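Here's the structure, in C-alpha cells; my notes come after.
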There are 2 protein chains.
Amino acid sequence: MTDQSTAQIDTPGGNTRTAVLEKALELFAETGFNGVSMRRIAQEVGINPATLYHHFTHKEDLYEQVLRFAYAEQAAQFSALVSTEGTPRSQLGEFIREFTRYIAKDQHFFRLVKREQLEGNSERLKMLVDLLFGQQYGAMVRSVGRVTQAFDAHMLVTSLLGLVLHHYETRHMRQFFSEYAPSQDDPDVVADHCCRLFFFGIQGEAGAGQVPEPSTHAMPTP
Amino acid sequence: MTDQSTAQIDTPGGNTRTAVLEKALELFAETGFNGVSMRRIAQEVGINPATLYHHFTHKEDLYEQVLRFAYAEQAAQFSALVSTEGTPRSQLGEFIREFTRYIAKDQHFFRLVKREQLEGNSERLKMLVDLLFGQQYGAMVRSVGRVTQAFDAHMLVTSLLGLVLHHYETRHMRQFFSEYAPSQDDPDVVADHCCRLFFFGIQGEAGAGQVPEPSTHAMPTP
DNA sequence: GTCTATAAACCGATAGAC
DNA sequence: GTCTATCGGTTTATAGAC
C-alpha cells in the first residue's frame, strides 16, 4: 500500500530494506508464503523481527514488495532476451537458447511465478502481467507472428515457454526415472532439443538434426 | 508409517477416513501443506479436529496418505490414456487429445504434483515415480520411440507433457493478456494445437493444418 | 531505525470421558 | 470412533525505549 516503498526499489547501497528483499525472495521461492515466518526472515538477514514492521506494514506487504523487487530485477534481462538481431527465425532460435540458459541459472524468480500461478490470486497475477510479462509476452507474440501465421501466436508462445520450462520444472523428479541421463539437464542440449522440436516437430522433414543458426556452441549430432 | 492405513485406501463406503482424504486433497492442492491447518480440514469435513488424530498419526502422515490416495485414484485413468489402439503415431495423437481433456477436467491432482515438484522433496518425488509416474512414463517413452528415433525419447516425453500442461498451468494468468481469447482454453483447440506443433513444428511442411487421425471431433481450419 | 518485551491469535498434538 | 478440553509452542503484529 505504501507508495514510498515502491519508489525505493532501486535505492543504491546495501541498506536493510534491499537485504531483506533479497533474502525474502530466496525464502519465499523455496517454501512459499506460508512456509516462511517473519521471525525466520529476520533471523536470516540478521536483524530483529520487529524491524521488519518498520519497513513493511505486514507480511503480505513484504511479499508484494518482494514480487515487485524480483520483477524489476529480472525485467532488464528479459528485454535483452527478446531484442536480438537477425532474421525473425534466427531471433526466435536465439531466444530459445538464451532463455534456456537463463532459467537454468536463475532459481528463485521462476519458482515464485510458478507458485503464483498455482495459487491463482487474480489480483497478483494481474500485477505480474502489468509489470513485466505483458510487454515481454506481447513482444514474443509479435516475434512468432513474424515467423509463421499458421498458428495462433498467443498459443504458440504458451507452447514454447512450456516446452522449455517443463524441462527445468521436472528436474528433481526426472532423476528417478530409469531413462534419465545427466546430459538431459544440460541447457545447451535442452535448447537444441526444443529448437528442433519447435521448428520442425518430430517429423523433422526439412533439415532434421539441423537447428537454424546454430550460433556459437557445438551441436550434438543425434 | 502405519501400514494399516495404507491398506485401507480402497475401503468401500463413505466413511470418515475417505471423506477426510478427499477434502484434504482439495485443500492441500489449493493452498499447500503449510496453507491448511488441521482445524480447517476438520471443520470443512464437519468433524472434530481431535478425530483426525485417530485416523492419522500427525499432519505429515495425513499429507502422505492424501498423496497415496490421489495417486491410486488416478492410476487407472492414466493407464487408460496410454493403452489406445492403432498405429504408433495415431496412438500418440490420441493420447495428446485424451490427456488434454483429462487435465482440463481434473483440478486437484496436478496442482498437488506441481507443488511437489516445486518443493523438491526427493523422498516424496521418488514415491511419486515409484507409485504412479514410473510405469506411465516408461510406456510413453516407448510410445514416442516407436514414432521417431531422431530424438531422445525421454526428453521428447518431457517436452510433450510441458507443451500440454503449460496451457493449463497458465490459465489464470493468460486471461490478463491482451491477446487472450477464451477459445485458447478449449481442450480440443489446445489438443489440436499441440498435435500440430509436436508432429510438424511451426514450419508445418508435411500436411500443414492437418493432424494425423483427427478422430471424432471437428478440426479448426486456420 | 533498531531494539526489548509482549499481546492476541493460531497452530499441532494429547488426555480422557462417552 | 467421536467428542470436550487443554497444553505448549509458534505465529503475526504492536507498544515503547533508545
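The sequence lines fix the lettering, A, B, ..., with proteins before strands; numbering per chain opens at 1. Because the structure is predicted, anything quoted here is derived from the model rather than measured.
- Side-chain contact between B:F133 and A:M173 is present, with heavy atoms from C-beta onward closer than 4.5 Å.
- B:N48 places its CG atom 13 Å from the C1' atom of C:dG16, with the value rounded to the nearest Å.
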Can you give me the N/O atom pairs linking the protein to nucleotides 10-13 of chain C at distances under 3.5 Å, or say none if there are none?
from	atom 1	to	atom 2	distance (Å)
C:dC11	OP1	B:S37	OG	3.3
C:dG12	OP1	B:K59	NZ	2.8
C:dG12	OP2	B:M38	N	2.8
C:dG12	N7	B:R39	NH1	3.1
C:dA13	OP2	B:Y53	OH	3.3
C:dA13	OP2	B:K59	N	2.8

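- Looking only at side-chain heavy atoms (C-beta outward), A:H167 and B:S159 come within less than 4.5 Å of each other.
- When the C1' atom of D:dT14 is taken as reference, atom NE2 of A:H54 falls 15 Å away, rounded to whole Å.
- In this structure, B:R111 has no side chain to side chain donor-acceptor pair (under 3.5 Å) partners at least two apart in sequence or on a different chain.
- Rounded to a whole Å, the CG atom of A:L62 is 10 Å from the P atom of D:dA13.
- In this structure, CG of A:D61 is placed 13 Å from C1' of D:dA13, rounded to the nearest angstrom.
- A heavy-atom distance below 4.5 Å is not found between the side chains of B:L67 and B:L128.
- Contacts classified as salt bridge (charged side-chain N to carboxylate O under 4.0 Å, His left out) and involving residues 175-187 of chain B (residues at least two apart or in different chains) are given here: B:R174-B:D185.
- We find that CD of A:Q43 is positioned 13 Å from P of C:dC3, with the value rounded to whole Å.
- Applying the side-chain hydrogen bond (donor to acceptor under 3.5 Å, both in side chains) test to residues at least two apart or on different chains, the pairs with a partner in residues 27-40 of chain B are B:R40-B:E44.
- In this structure, B:F109 and B:Y71 have perpendicular ring planes: the angle between them is above 60°, well past the 30° mark.
- Stem analysis of DNA chain D (at least three stacked-register Watson-Crick or G-U pairs, each with both distances under 3.5 Å) gives C:1-18 with D:1-18.
- Taking side-chain N and O atoms only, A:H55 has a distance below 4.0 Å to OP1 or OP2 of C:dT2.
- Between D:dG1 and B:T16, no contact under 4.0 Å exists linking OP1 or OP2 to a side-chain N or O.
- In this view, B:Y102 and B:F78 satisfy the ring pair (Phe, Tyr, Trp, His ring centres under 6.0 Å) rule, not counting sequence neighbours.
- Under 4.0 angstrom from either OP1 or OP2 of D:dC3 there lies at least one side-chain N or O belonging to B:T51.
- Residue A:I47 contributes atom CD1, which lies 15 Å from atom C1' of C:dT4 at whole-angstrom precision.
- Centroid-to-centroid, the aromatic rings of A:Y53 and A:H58 stay 6.0 Å apart or farther.
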